[in-house]
Amino acid sequence: MKIAIFGVGLIGGSLALCFKGKPGITVMGHAHRPESLKRMEERGVVDMATLSMEEAAQDADFIFLCVPVGKLEDYLQRLSGMSLKPGCIVTDVGSTKASVVSCAATLASPGVHFIGGHPMAGSERSGVEAASTLLFENAYYVLTPPLDVPEAAYERLAQLLSYTKAQIVRVDPVMHDQIVGAISHLPHIIAVALVNQVRGYNGDNELYRLLAAGGFRDITRIASSDPLIWRDILLSNREVLLGLLKDWNREIEGFVELLEERNGEGIEQAFQTANQFRGELPERRKGAITSLFDLYIDVPDHPGIIGQIATELGLRHINLSNMQIIESREDVPGVMRLSFRQESEMERGKAHLQSLGYTVYV
C-alpha cells in the first residue's frame with residue numbers, strides 16, 4: 001500500500017508517523033520547496049520524499065491533501081489531470097468541507113473517490129518538527145463522504161485511520177460546516193473583533209493593554225491564529241458564517257436589552273443556562289479548538305527558580321512546551337505558567353510540584 005501525503009507539516013507529518021512502519025505500508029511525502037523536503041527527511045516522518053507531484057501521486061492507494069484550505073482547489077485540479085490508480089482514495093484535512101466536495105468533482109479517473117476529512121487536533125506548535133504520533137489520540141476525526149462514494153471505499157479509509165487512534169465520526173459535509181462554523185470559526189471571529197475593539201480603546205489609554213494580561217489574554221488566544229490561513233477558512237465557509245453572525249448579533253442585542261432594562265434576573269438566567277450547557281461539554285476530548293494544558297504556580301522572586309522547576313520536571317521526564325512568568329515584583333510572589341502538550345503530562349507535573357510544596361492551580 002502506498003500513501004502519498006501532500007503538505008508534510010504538523011498534520012501531514014503526524015499522519016505520516018502514524019502510518020510509517022506499519023506492515024505493507026510505504027509513505028511518500030511531497031513538498032514544493034527543497035528546504036521543506038529536507039526538513040521532512042531529517043525528521044524521518046516519511047519513507048520517501050519528492051518534489052514531483054506526479055511521482056507522489058503515481059500508484060498511490062491513498063492521497064492525503066494536508067495543504068491550506070485556500071490551496072485545495074488547485075491541488076484537486078492538478079490531480080484531476082493525472083491518471084490516478086483505480087480505487088485510489090483522495091482525502092483532505094481542511095476545516096471546511098462542502099466547498100471542497102464540489103471541487104473534488106473534477107477527479108475524473110475511474111474508481112477514484114474523494115472523501116473529505118477533518119482531524120480535530122492541533123498544537124500550539126507548527127511544522128513537521130512538531131509532528132507526533134500522539135496528535136490524534138483521543139481526538140475526533142470527521143469524515144464527510146459524498147452520497148455517491150461506495151461504502152467499501154469509506155470503510156477502507158476509516159480502517160486506515162484507525163492507526164491514528166482517533167475516533168472516526170461520519171458527518172454530512174454541509175452539516176459539518178454548520179457545526180464547525182459555530183464552534184470554531186465564529187469564536188475566532190469574536191476573539192479577533194474583541195481584541196481589535198480593546199486595541200481601539202488602548203489608543204487613547206494604554207492601561208487597557210496593561211490590565212488586559214492574564215484572563216483576557218487567555219480567552220482571546222485564538223485571535224493570534226495565522227491570518228492567511230484564517231482568511232481562507234472564513235471565505236470558504238462564508239455563507240454559513242453570515243448566518244451565524246446574524247444569530248450572534250441577536251444574542252448581543254438580547255444582552256443590550258437586559259442591561260437597558262436593568263433586568264438582573266434575565267442576566268442571571270443567561271449565565272445559568274450557559275453554565276449548565278457548558279458543564280455538559282466533554283472535558284477529556286480534543287475538539288475543534290486546541291485545548292490548553294496549563295498549570296499556574298506561585299513562585300518566590302529569587303534567582304534560579306525557573307531553572308529549578310524545569311530541572312525537577314525534566315528529571316522525571318515530564319515534557320514542557322512553554323514556561324512564562326506572568327508577574328514578578330519585589331512585594332508580590334511571581335506567577336509562573338507551565339504549558340504542556342498532553343493532559344497526562346500536566347497531571348504528572350501537578351502531582352510532583354505539589355509534593356515539593358508548591359501551590360499549583362489549574
Side-chain angles (χ1 to χ4, degrees), residues 7 11 64-77 90-107 114-122 139-149 154 166-197 219-256 270 273-274 277-278 280-282 285-291:
I11 299 295
F64 284 81
L65 299 178
C66 304
V67 299
V69 169
K71 295 182 179 180
L72 278 172
E73 184 174 357
D74 177 58
Y75 274 78
L76 286 167
Q77 287 179 347
V90 181
T91 186
D92 75 314
V93 297
S95 67
T96 55
K97 296 273 73 79
S99 60
V100 180
V101 169
S102 62
C103 293
T106 61
L107 292 172
F114 177 83
I115 300 174
H118 180 195
M120 291 189 173
Y140 288 112
Y141 199 121
V142 179
L143 293 180
T144 60
L147 293 176
D148 60 349
V149 169
Y154 174 83
Q167 180 171 335
I168 308 301
V169 180
R170 185 172 186 163
V171 182
D172 172 78
V174 175
M175 179 60 69
H176 167 277
D177 289 358
Q178 288 280 352
I179 295 172
V180 175
I183 65 174
S184 175
H185 303 168
L186 179 62
H188 278 78
I189 292 174
I190 293 170
V192 168
L194 179 57
V195 170
N196 284 334
Q197 182 175 339
I219 66 171
T220 59
R221 65 184 177 85
I222 54 177
S224 298
S225 301
D226 188 296
L228 295 179
I229 290 176
W230 276 92
R231 174 199 65 189
D232 294 342
I233 290 174
L234 298 187
L235 289 176
S236 70
N237 207 21
R238 174 178 174 272
E239 294 301 323
V240 168
L241 286 170
L242 287 173
L244 290 171
L245 284 168
K246 291 175 183 176
D247 292 342
W248 172 253
N249 286 336
R250 282 192 288 271
E251 290 288 333
I252 294 301
E253 288 169 2
F255 267 98
V256 170
T273 302
F277 182 72
R278 185 177 183 277
E280 297 169 358
L281 301 179
R285 279 210 176 269
K286 300 173 183 178
I289 297 176
T290 305
S291 300

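These numbers come from a predicted model, not from an experiment.
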Visitor: About how many Å separate CD1 of Ile222 and CD1 of Ile190, when rounded to the nearest 0.5 Å?
Guide: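 Between Ile190 CD1 and Ile222 CD1, I get 8.5 Å after rounding to 0.5 Å.
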
Visitor: On a heavy-atom basis, which atom in Val69 and which in Ser95 lie closest, and how many Å separate them?
Guide: CG2-N, 4.1 Å

Visitor: At what distance, to the nearest 0.5 angstrom, does CG of Leu228 lie from CG of Asp232?
Guide: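 One finds 7.5 Å between CG of Leu228 and CG of Asp232.
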
Visitor: Which heavy atom of Val93 sits nearest to which heavy atom of Pro119, and what is that distance?
Guide: CB-CD, 3.7 Å

Visitor: For residues Tyr154 and Leu143, determine if any side-chain heavy atom of one lies less than 4.5 Å from a side-chain heavy atom of the other.
Guide: yes

Visitor: Going by heavy atoms in the side chains, are Met175 and Ile179 under 4.5 Å from each other?
Guide: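 When only atoms from C-beta onward are counted, Ile179 and Met175 do touch, with a gap below 4.5 Å.
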
Visitor: Does the distance from a Lys or Arg side-chain N to an Asp or Glu carboxylate O, for Lys97 and Asp92, drop under 4.0 Å?
Guide: yes

Visitor: Trp230 vs His185 aromatic rings, parallel, tilted or perpendicular, using cut-offs 30° and 60°?
Guide: perpendicular

Visitor: Identify the heavy atoms of Pro145 and Arg170 that sit nearest to each other, and give their distance.
Guide: CG-NE, 3.5 Å

Visitor: Any chance you could lay out the side chain to side chain contact (heavy atoms under 4.5 Å, CB included) test for Ile189 and Leu241, step after step, and finish with the verdict?
Guide: CA-CA 9 Å; Ile189 292 174; Leu241 286 170; 4.2 Å; yes

Visitor: At their closest point, which heavy atom of Pro187 faces which heavy atom of Gly181, and how far apart are they?
Guide: CD-O, 4.2 Å

Visitor: Does a side-chain heavy-atom distance below 4.5 Å link Leu186 with Leu245?
Guide: yes

Visitor: CG of Leu234 to CD1 of Ile229: how many Å apart, nearest 0.5 Å?
Guide: 11.5 Å

Visitor: Out of Val100, Thr96, Thr144, Val142, which one pairs with Pro173 under the side chain to side chain contact (heavy atoms under 4.5 Å, CB included) rule?
Guide: Thr144

Visitor: Would you say Leu76 and Phe114 make side-chain contact, with heavy atoms under 4.5 Å?
Guide: yes

Visitor: With rounding to the nearest 0.5 angstrom, report the CG to NE2 distance, Asp172 to His176.
Guide: 10.5 Å

Visitor: Could you tell me which non-hydrogen atom of Ser99 sits nearest to which non-hydrogen atom of Asp177, and how far apart they are?
Guide: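 Shortest heavy-atom contact: N-OD2, 4.4 Å.
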
Visitor: Check whether any side-chain heavy atom of Thr273 lies under 4.5 Å from a side-chain heavy atom of Phe277, and answer yes or no.
Guide: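 Answer no - side chains too far apart.
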
Visitor: Going from CD on Glu73 to OG on Ser236, what distance comes out if it is rounded to the nearest 0.5 angstrom?
Guide: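 The CD atom of Glu73 sits 11.0 Å away from the OG atom of Ser236.
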
Visitor: For atom CG of Leu147, is the number of surrounding heavy atoms from other residues, nucleotides or ligands below 6.0 Å larger than 12?
Guide: no

Visitor: Decide yes or no for Asp226 and Arg231: does some side-chain heavy atom of the first lie under 4.5 Å from some side-chain heavy atom of the second?
Guide: no

Visitor: Which heavy-atom pair separates Pro146 from Ile115 by the least distance, and what is that distance?
Guide: CD-CA, 4.5 Å

Visitor: When rounded to the nearest 0.5 angstrom, what distance separates CG in Leu65 from CG in Asp74?
Guide: 10.5 Å

